[in-house]
Asks: 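This is the structure I have questions about; it appears just below.
Computed from a predicted structure; not experimentally measured. Worth knowing before you read on, the calculation uses all heavy atoms, side chains too, and leaves out hydrogens, waters and symmetry mates.
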Amino acid sequence: MTGKGGAVCVDTFVITAVDGIAYGLLLAIAAAGLTVAFGAGGVLNLAHGTLIAAGGYLAATMTAGTWGSLAAAIVLATVVGAAGGGILAAATAGLRGRGHLDQALLTFGIALVGSDVLTTVFGADVLRPRMPAALEGTVAVAGYRYPVDRLTVFAVAVLVAVAGYVVLHRSRAGRLVRATVDDRVMVAGIGVDPRTVGAAVLVASGGLAGLAGALTTPILGVGPGTADTALLLSLIIVVCGGLGSVPGAVAAAIGVGVVQTVGVITIPALAPYLLIAAMAVVLVARRRPVPGQVTR
């Protein structure tokens with residue numbers, strides 16, 4: 001093998017690994033909202049993937065090659081996702097004392113209806129946004145050529161992840177959310193209704209889902225299967241990272257992103273099964289949690 005061929009292989013692997021990390025951070029934005037919504041709100045939201053797809057469709061149809069349209073699409077996708085989270089909070093409010101099965105059935109039904117509505121409105125084709133000209137092409141990073149649009153999405157995902165960490169760990173609202181995850185009775189004892197905190201978290205979770213959909217669309221596009229894929233990946237991340245654990249969700253999301261993207265170029269025939277295998281290994285290797293314990 002020539003040195004040039006080896007260099008090409010290394011370049012491909014490095015770029016794919018960076019893609020995996022960037023994709024993992026986008027998944028973390030969506031999955032973190034899902035895991036905190038379950039921990040703080042006690043709602044098993046199977047319509048989460050539909051909110052991600054809705055944000056993606058808005059970004060794909062609104063972005064017209066200008067910075068203004070791109071910014072407007074991202075903002076609107078976030079707002080629509082938050083509104084969807086508010087609707088889900090209202091719809092599941094009466095089910096919180098009836099177990100997670102009723103919540104799962106209701107939100108799954110909403111997801112099915114929502115997916116059909118999105119397909120009817122936007123069509124069955126895979127859509128991609130038309131990005132500004134400045135985001136086209138490639139740029140040299142550490143000696144490797146990397147697409148500018150993906151690098152931009154990577155940077156935005158890092159900023160959103162850092163902002164989410166600061167809000168969750170350095171603000172009063174974040175302390176209330178974490179306290180609700182740990183002990184709802186204690187939160188009620190200080191005069192704060194845990195149901196209000198849970199509803200607010202569902203709204204924020206929906207906003208993050210819409211934002212994640214808008215950011216992911218330039219890389220993957222959006223189509224009829226987006227909602228199902230997004231929900232499956234989010235659930236795998238939540239299971240691997242631990243319920244209520246935002247750092248765990250971030251670590252698991254990066255792992256999922258890298259496994260999925262690198263697996264496609266290394267062992268494409270087994271790539272669809274790698275995530276399930278990785279999840280099984282994590283579940284088997286993880287120590288048995290103390291009953292009633294919720295991690296952060």
Asks: Determine whether a donor-acceptor pair (N or O, by modelled atom type, separation under 3.5 Å) exists between the side chain of His48 and the backbone of Gly33.
Replies: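 Such a contact is absent between His48 side chain and Gly33 backbone.
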Asks: Distance from Leu215 atom CG to Thr152 atom OG1, nearest 0.5 Å?
Replies: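 Interatomic distance, Leu215 CG to Thr152 OG1, rounded to 0.5 Å: 11.0 Å.
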Asks: Answer yes if Leu70 and Val79 sit in the same cluster of Ile, Leu, Val, Met, Phe, Trp and Tyr residues linked by side chain heavy atoms under 4.5 Å apart, and no otherwise.
Replies: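 Not linked; separate clusters.
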Asks: Tell me the closest heavy-atom pair linking Val192 and Val197, and the distance in Å.
Replies: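 Of all heavy-atom pairs spanning Val192 and Val197, the closest is CG1-CG2, 3.7 Å.
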Asks: So, for Ala214 and Ala77, which heavy atoms are closest and what is the spacing to 0.1 Å?
Replies: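 Minimum heavy-atom separation between Ala214 and Ala77: CB-CB, 3.8 Å.
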Asks: Testing the basics here: between Ser234 and Ile52, what is the closest heavy-atom pair and its distance to 0.1 Å?
Replies: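 Heavy-atom minimum between the residues: OG-CD1, 4.3 Å.
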Asks: Under 4.5 Å between side-chain heavy atoms, counting indirect links through other Ile/Leu/Val/Met/Phe/Trp/Tyr residues: same cluster for Val75 and Met131 or not?
Replies: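 In one cluster with Val75: Met131, no.
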Asks: For Ala60 and Leu127, work out which heavy atoms get closest and say how close.
Replies: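 So the two residues come closest at CB-CB, 3.8 Å.
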Asks: Going from CG on Leu232 to CD1 on Ile276, what distance comes out if it is rounded to the nearest 0.5 angstrom?
Replies: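 One gets 6.0 Å once the value is rounded to the nearest 0.5 Å.
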Asks: Working note: Leu176 + Ile190, criterion side chain to side chain contact (heavy atoms under 4.5 Å, CB included); need CA distance, chi angles, decisive distance, verdict.
Replies: CA-CA 10 Å; Leu176 278 176; Ile190 63 174; 4.3 Å; yes
Asks: With clusters defined by side-chain heavy atoms of hydrophobic residues (ILVMFWY) lying less than 4.5 Å apart, directly or transitively, does Val121 cluster with Tyr57?
Replies: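 Yes; Val121 is reachable from Tyr57 via cluster members.
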Asks: Starting at OG1 of Thr261, measure out to CD1 of Ile265 and round the result to the nearest 0.5 Å.
Replies: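 If we round to the nearest 0.5 Å, Thr261:OG1 and Ile265:CD1 are 7.5 Å apart.
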Asks: Got a second to check how far Leu168's CG is from Arg175's CZ, nearest 0.5 Å?
Replies: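 Going from CG on Leu168 over to CZ on Arg175, the span is 11.0 Å.
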Asks: Name all pairs fulfilling the side-chain hydrogen bond (donor to acceptor under 3.5 Å, both in side chains) condition that reach into residues 110-130, sequence neighbours left out, sorted by first residue then second.
Replies: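 Applying side-chain hydrogen bond (donor to acceptor under 3.5 Å, both in side chains) to every pair that reaches into residues 110-130, excluding sequence neighbours, yields nothing.
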Asks: Is there any side-chain hydrogen bond (donor to acceptor under 3.5 Å, both in side chains) pair reaching into residues 60-69, and which pairs are they, with sequence neighbours excluded?
Replies: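 Every pair satisfying side-chain hydrogen bond (donor to acceptor under 3.5 Å, both in side chains) with a residue in residues 60-69: Thr66-Ser69.
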Asks: Between Leu211 and Leu135, is there shared hydrophobic-cluster membership here, with clusters defined by ILVMFWY side-chain heavy atoms closer than 4.5 Å?
Replies: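 In one cluster: yes.
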Asks: In Å, rounded to the nearest 0.5 Å, how long is the span from CD1 of Ile87 to CD1 of Ile110?
Replies: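 Rounded to the nearest 0.5 Å, the CD1-CD1 separation comes to 8.5 Å.
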Asks: Side chains of Ile219 and Leu26: does their closest heavy-atom pair fall under 4.5 Å?
Replies: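 They are in side-chain contact.
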Asks: Should Ile267 and Leu274 be marked as a side chain to side chain contact (heavy atoms under 4.5 Å, CB included) after you check the CA-CA gap, both sets of side-chain angles, and the distance that decides it?
Replies: CA-CA 9 Å; Ile267 43 176; Leu274 289 179; 3.9 Å; yes
Asks: Taking side chain to side chain contact (heavy atoms under 4.5 Å, CB included) as the criterion, tell me which of Leu233, Val256, Val258 meets it with Tyr23.
Replies: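 Among the candidates, only Leu233 passes.
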Asks: For Ile236, which of Leu275, Leu231, Leu27, Val282 qualifies under side chain to side chain contact (heavy atoms under 4.5 Å, CB included)?
Replies: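 Of the listed options, the one satisfying the test is Leu275.
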Asks: Side-chain contact, heavy-atom cut-off 4.5 Å: Leu235 with Leu34?
Replies: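 A side-chain contact exists here, since the closest heavy-atom pair is under 4.5 Å.
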Asks: Hey, what's the ring geometry for His100 with Phe38, parallel, tilted or perpendicular (30° and 60° as the breaks)?
Replies: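 His100 and Phe38: tilted rings.
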Asks: So, the side chain of Thr107 versus the backbone of Asn45: is there a donor-acceptor pair under 3.5 Å, distance only?
Replies: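 No, because the side chain of Thr107 does not come within donor-acceptor range (under 3.5 Å) of the backbone of Asn45.
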Asks: Do you know which two heavy atoms are closest between Leu58 and Leu76, and how far apart they sit?
Replies: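 Where Leu58 meets Leu76 most closely, the heavy atoms are CD1-O, 4.1 Å.
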Asks: I need the Leu25 CG to Ile29 CD1 distance, nearest 0.5 Å.
Replies: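 Those atoms lie 7.0 Å apart.
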Asks: Between Thr92 and Leu88, which heavy-atom pair has the shortest distance, and what is it?
Replies: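 Looking at all heavy atoms of both residues, the shortest contact is OG1-O, 2.8 Å.
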Asks: Indicate if Phe122 and Val117 have the same hydrophobic cluster label, given that clusters are the connected sets of ILVMFWY residues with side-chain heavy-atom separations under 4.5 angstrom.
Replies: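 Same hydrophobic cluster.
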